[in-house]
Amino acid sequence: MNLNTTPSRTLDNLLRSRLVAALTAPHGVDRYLDWLAPERVTDEMRSRVLARRMETADCVTLTLAVPRGWRGHSAGQHLTVSVELDGRRQTRCFSIASADNSRNGELEITVKAQPDGQVSRFLVDAARPGTTVVLSDASGAFRLPDIRPAGVLLISGGSGITPVMSMLRSLVNEGYEGEIRLLHYARSSEDLIFADELDELTQQHSNLTVYRAFTSDDAVDGELHGRFKPAHLQDFGPAHNDWPAFACGPQPLIEALQSYWSAQAAGSRLDFEYFQPPRAAAADGQSVLQFVRSQVTADDDGRSLLDQAEAAGLKPAYGCRMGICRSCTCRKTSGRVRNLLTGRISQDGAEDIQPCITAPASDVSVEL
Amino acid sequence: MSTINDLLSPEDVEAFGRDMDAIRQEVLDDLGQRDVDYIRDIIRKQRGLEITGRALLFAGILPPAWLAGTACLSLSKILDNMEIGHNIMHGQYDWTGDPALASENFDWDNTSPASQWKHSHNYLHHTHTNIVGKDRDVGYGILRMSEEQRWNPYYLGNPLYAFLLAALFQWGVAVHDLEVDRIGKPGDMGAKERKRRALEIADKAKGQVTKDYVLFPLLAGPFAPLVLGGNLAANLARNFWSFTIIFCGHFPDGVEQFSEAETQNETRGQWYVRQLLGSANIRGSKLFHILSGNLSHQIEHHLFPDLPAHRYAEIAPKVRAACERYGLPYNTGSLSRQFGTTVKRIFKLALPDREALPAAA
């Protein structure tokens with residue numbers, strides 16, 4: 001291994017030299033490496049699926065090759081995964097499920113197929129070892145603190161367990177001696193992700209307690225039943241009030257936890273993350289526009305994004321104002337938009353749009 | 001719009017526009033893997049030709065290697081500028097979401113900076129096609145390509161200027177956006193903006209010159225002059241080729257030009273008809289279409305500038321059939337016919353208009 005490292009690094013240094021940059025201008029060396037040595041491209045983080053494992057009927061764990069330039073992640077953070085579907089690059093956000101030593105070569109995401117989710121469906125049904133994906137850096141403020149607390153309370157619902165699982169795995173891996181308590185909500189034992197691993201970890205680590213709450217009416221197993229109620233926490237014993245809590249799940253669960261925590265006025269803090277369902281298209285006139293770069297917010301008035309940006313006092317670039325010249329092209333970071341020429345409604349994810357012929361179809365954030 | 005209304009009733013103009021919208025929508029609905037595979041394949045071939053060409057030129061001491069190297073590099077530059085650069089920078093592949101195919105990121109092997117070219121071409125030329133006074137591609141500010149441009153003795157040099165523009169085409173395109181001919185006239189961008197653009201052009205040109213005329217020759221050591229010569233020849237070949245194709249787009253016989261007055265408050269239908277009347281196609285083989293960046297389907301390109309260009313050949317029969325339905329002309333011909341009549345126009349307009357000559361006839 002070591003013998004290989006040096007020439008490889010020398011080659012990388014050469015490829016990134018000013019000389020090679022000048023010789024490959026204006027395209028840049030990566031646009032040649034695309035064809036000659038795709039694994040050496042550095043302007044985006046390309047990864048491959050190494051292995052897949054079904055967790056439940058509609059949920060898969062994918063092991064991904066750690067890409068060049070990967071800077072690691074903190075337990076709880078997420079990344080974006082881009083895949084090419086019928087020629088179109090689609091990007092979605094997923095929590096990292098593996099422990100926070102990802103720089104050493106372990107990177108896993110666990111994906112549940114969403115009914116209308118093109119990307120999640122592809123990852124669950126079609127991604128195979130060898131499938132190419134493009135990753136982003138890890139990001140997100142939902143993360144374990146670097147200075148580990150005396151004990152932690154982890155709460156999750158459904159596939160919201162993935163970032164929480166990264167926290168749990170990280171703590172267990174590093175030989176954490178504090179108390180770890182996990183309270184997880186799932187519909188039934190068939191929907192329980194990581195079921196076997198949770199059993200194993202509980203047996204191996206005396207400082208870990210896992211409570212499973214099944215919300216389906218006919219569920220007979222599990223330590224607890226039904227949706228979150230404060231009594232579920234009290235079952236855990238007295239200590240939890242001093243510990244930080246980390247919760248990830250669907251909106252109703254997080255809201256219930258938030259109201260409980262604020263009513264308690266407990267000394268501990270609740271860190272939380274929504275596991276966002278796809279947003280529904282809002283009724284006309286109800287949506288809110290966010291112009292991210294200018295930090296301006298406006299109520300949608302139904303006109304094109306270009307008109308509305310100008311009305312909000314922005315001075316975005318534009319040209320033909322009829323959808324042909326693309327002078328105004330900008331990135332939509334979230335929300336659905338309607339093409340004013342065709343009436344088509346877009347997907348929810350990030351993509352480039354033409355503001356002069358695009359109107360909001362939900363709350364929308366654009367990089368203007 | 002007198003020209004257009006002479007040909008069609010206002011209702012038919014809008015009906016024609018709807019037919020064009022339908023053709024466009026059909027392609028949009030069908031965009032997918034095939035289109036991405038196509039452009040990536042062309043890019044891979046271009047990169048292959050470029051690397052092969054530059055490698056052969058290092059062995060340029062052998063005449064066949066020099067000739068083959070120059071030919072490969074010329075083809076590489078032609079593909080890079082025409083089928084790849086021009087079309088990607090139109091946003092034809094923006095829908096793919098691939099940053100390498102995004103109009104926002106792409107720059108071409110040409111001294112014209114992408115951002116300025118996109119402004120003058122995608123916006124000014126494609127929106128205001130053949131409107132004399134607004135479309136700066138009518139004569140590029142140095143040639144007389146329309147009777148509407150008033151003759152003066154400077155234009156006696158029209159054929160010479162055209163030849164120089166052809167030889168130096170990439171430089172002509174690069175300085176196009178400085179609008180030097182507008183200094184001190186209405187619509188002048190002002191010294192500050194002109195300086196900003198000049199610096200941007202200088203920066204891009206420096207990179208191009210360094211690569212082709214300094215670094216690659218120096219890497220060849222004693223064979224530096226051969227590499228320099230090959231690179232110069234390849235740039236020259238690309239310049240003549242792109243000039244020829246591009247001048248066949250809007251100047252052959254039968255192509256209409258328009259005035260600012262007649263295009264005020266234009267409808268979408270009128271815009272489509274103007275694009276049709278203001279453009280001309282060139283007939284040729286599949287390879288010829290690729291090397292022309294499918295600008296040989298100039299009509300389809302001007303009707304649908306942001307549809308992937310390799311689709312133009314597929315929709316051309318539908319466009320043509322619509323033209324026949326509405327009795328609209330569809331200007332197409334061989335390269336020699338289209339370029340021949342363009343050259344004739346360059347010579348003819350070097351002289352004052354006959355009817356304007358006092359009692360000449």
Side-chain angles (χ1 to χ4, degrees), chain A residues 17-36 38 41 43-44 46 82-91 119 132 134 317-332 339 341-344 346-347 349-354 356-357 367, chain B residues 21 24-25 28-29 31-37 40 43-44 47-48 50-51 54 80 85 89-104 106-110 113-114 118-119 121-128 204 207-208 210-211 214-216 219 268 271 302 304-306:
Chain A
S17 67
R18 284 181 62 190
L19 175 66
V20 170
L23 293 175
T24 54
H27 302 305
V29 68
D30 283 327
R31 295 289 79 78
Y32 293 82
L33 294 174
D34 278 341
W35 313 108
L36 296 171
V41 168
D43 71 340
E44 56 182 18
R46 301 206 186 147
S82 304
V83 295
E84 192 168 294
L85 304 176
D86 193 21
R88 287 171 172 81
R89 185 179 288 207
Q90 309 271 9
T91 301
V119 175
T132 301
V134 176
Y318 70 88
C320 64
R321 304 189 82 104
M322 59 184 293
I324 62 155
C325 81
R326 303 201 179 232
S327 302
C328 62
T329 298
C330 75
R331 195 147 188 85
K332 173 200 75 173
N339 183 316
L341 296 181
T342 63
R344 309 259 155 143
S346 76
Q347 296 267 324
E351 63 179 338
D352 286 339
I353 55 160
Q354 294 171 272
C356 68
I357 51 159
E367 286 184 351
Chain B
D21 275 336
R24 176 186 164 79
Q25 192 57 49
L28 285 177
D29 291 344
L31 291 179
Q33 198 64 46
R34 172 161 81 96
D35 303 273
V36 191
D37 290 346
R40 287 191 184 138
I43 294 174
R44 198 175 59 235
R47 302 287 196 256
E50 181 178 358
I51 292 166
R54 294 200 187 276
D80 179 288
M89 291 195 291
H90 256 294
Q92 293 180 359
Y93 297 91
D94 281 2
W95 56 271
T96 65
D98 180 346
L101 301 178
S103 59
E104 189 79 2
F106 198 89
D107 203 350
W108 53 0
D109 184 9
N110 187 303
K118 281 186 284 189
H119 173 76
H121 183 82
N122 291 359
Y123 169 41
L124 295 178
H125 170 58
H126 272 274
T127 313
H128 307 306
K204 178 76 194 290
Q208 293 296 106
T210 307
K211 173 179 70 165
V214 181
L215 292 178
F216 274 111
L219 283 177
R268 191 166 174 84
W271 182 85
H302 264 267
F304 315 111
D306 60 350

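Chain A is the first sequence line, chain B the second, and so forth, proteins listed ahead of strands; every chain is numbered from 1.
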Greater than 12 external heavy atoms within 6.0 Å of A/Tyr32's OH: yes
Which atoms of [X] are under 4.5 Å from chain B, going by heavy atoms: the side chain, the backbone, both sets, or neither?
X: A/Glu44; result: side chain
X: A/Arg326; result: side chain
X: A/Leu341; result: side chain

Partners passing ring pair (Phe, Tyr, Trp, His ring centres under 6.0 Å) against A/His27 (at least two apart in sequence or in another chain): B/Phe106
Residues which pass ring pair (Phe, Tyr, Trp, His ring centres under 6.0 Å) with B/Tyr123, listed by chain and number, not counting sequence neighbours: B/His119, B/His128
Looking only at heavy atoms and a cut-off of under 4.5 Å, which of [options] has the most pairs with chain A?
options: B/Asp37, B/Asn122, B/Thr96, B/Leu28; result: B/Thr96
options: B/Lys204, B/Gln25, B/Gln208, B/Glu104; result: B/Gln25
options: B/Ser103, B/Pro305, B/Pro99; result: B/Pro99
options: B/Asp94, B/Ile51, B/Thr210; result: B/Asp94
options: B/Val36, B/Asp21, B/Leu101; result: B/Val36
options: B/Arg24, B/Lys211, B/His121; result: B/Lys211

Worked verdict on B/Glu50 versus A/Thr24 for side-chain contact (heavy atoms from CB on, under 4.5 Å): CA-CA 10 Å; B/Glu50 181 178 358; A/Thr24 54; over 6 Å; no
Where [X] and [Y] come nearest, the two heavy atoms and their spacing:
X: B/Trp108; Y: A/Pro26; value: O-CG, 3.1 Å
X: A/Arg88; Y: B/Leu31; value: NH1-O, 3.1 Å
X: A/Arg89; Y: B/Gly97; value: CD-O, 3.4 Å

Greatest number of heavy atom pairs closer than 4.5 Å to chain B - which of A/Met322, A/Gln354, A/Glu351: A/Met322
A/Asp34 vs B/Arg40 side-chain heavy atoms within contact, under 4.5 Å: no
Pair A/Arg31-B/Asp107, salt bridge (charged side-chain N to carboxylate O under 4.0 Å, His left out): steps then yes or no: CA-CA 11 Å; A/Arg31 295 289 79 78; B/Asp107 203 350; over 6 Å; no
Residue pair B/Trp271, A/Ile324: steps toward the side-chain contact (heavy atoms from CB on, under 4.5 Å) verdict: CA-CA 12 Å; B/Trp271 182 85; A/Ile324 62 155; 3.4 Å; yes
Rounded distance [0.5 Å steps], CG in A/Leu36 versus CZ in B/Arg44: 11.0 Å
